[in-house]
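All remarks here apply to the structure that follows.
Model, not experiment: these values are computed from the prediction. Both counts, for ligands and for their atoms, begin at 1 and track the order of listing.
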Amino acid sequence: MTKKGKIGLLTGGGDCPGINAVIRAVVKKAILDYDLEVIGIEYGYEGVVHNRYRKLRYNDVSGIITLGGTILGTSNTANPYAYATKRGDRLEFEDLSQTAIANIKALELDCLVCVGGDGSLTIANRLSRDGVPIVGVPKTIDNDVRGTDVTFGFDSAVYVATEGIDRVHSTAQSHRRVMIVEVMGRTAGWIALYAGIAGGGDIILIPEIPYDVDLIVERITDRNRNGRRFSIMVVAEGAKPKNGDTVARRIVEGSPEPVRLGGVGFVLGSQIEKLTGMETRTVVLGHLQRGGTPTPFDRVLATRLGTAAVDMAMNGSYGKMVGIQGGSLVEVPLEDVARGPKNIPRDEPLLRAARSVGTCFGDRPVQSGHRF
Ligand code: F6P
């Protein structure tokens, strides 16, 4: 009897809507098209270090396409190359990559499919360089993974954020207030840009364009003069003033990226209230954007990427991530993905479209053909 092929599957980093859809896609495709055994690693890279896994059968993934989160669990702190362990009240970091690699080897996997954002895929790249056969699948609400136009989770987050903006719109108008909606996205402004445009935000602040608070005040005052006695501001958690810094919400000791952003909406709220004399309220959408059922778009995207990842695993396309570029599936070297997060480029057409409908980005745009 020939030995059955076997692949491993792990989900790392922050969860997002669509991860269960990708797990379902990988497991079903692996079983139906290749008769593979699928091993699900639990809690991302933590499971790789501590050897926690279970077999995923067809029925285990049946009916999970609508579920938020990840049935495998995840960790946004575990990194085998700098693994944090609490000793007393101190955190110690150890390189446990050899343990992780030995555990993966012992499972006799043909390939390990790693579903992750740029942090988890950077770790996947290191494991790949260290000889582990790996295929990456991008996920994150932030949409900041290099090599793919879009990640699943993003559309769902934009949907939730847009609904949040829509809901504050009417109350802003009734009370003649400035309403600030702070959205997630780490150092990238994709969620703020898309949800801000979709929700008709008057002012959108993104990390890629440091803001000048005086220009924001100018816009709000102009609107008042024109009889629009309320304003909606959509602010990315990573937004920062010109010559200033981001606002940190907490430090997660032991995390590869310990700073968790958040709170800029409140800082701006008190500044705007003081400078305009208008009542200002701030709403932070936070993890609401990460939970719950994925949108149809994210379910379809996750299914495309998950099934393609299994083909890559079987074709020996190791050390690569499956992505979407111009609507088509592509294979991107993990080395490229690991070059850091994908920010909004200066020539992003959506910036121009938003400015054309009067959106203020807290800067003074250059007038002419190349204002951005
Ligand atoms: O990367 C996804 C994300 O939700 C970011 O938008 C946000 O900055 C971060 O994770 C929050 O992390 P945590 O869940 O650890 O607070």
Any salt bridge between Arg281 and Glu279, counting N to O under 4.0 Å?
yes

How about Phe230 and His169: are their ring centroids closer than 6.0 Å?
yes

Glu218 and Arg364 ion-paired at < 4.0 Å
yes

Partner of Phe152 under side-chain contact (heavy atoms from CB on, under 4.5 Å), picked from Asn143, Thr295, Thr140, Asp298, is Asp298

Name the residues in contact with ligand 1, where contact means a heavy atom under 4.0 Å away: which are they?
Asn76, Ile141, Asp142, Met184, Gly185, Arg186, Glu237, Arg249, Arg260, His287, Arg290

Salt-bridge test for Arg346 and Glu208: reply yes if a basic N is under 4.0 Å from a carboxylate O, no otherwise.
no

Check: Asp118 side chain, Val337 main-chain N or O, donor-acceptor pair, under 3.5 Å:
no

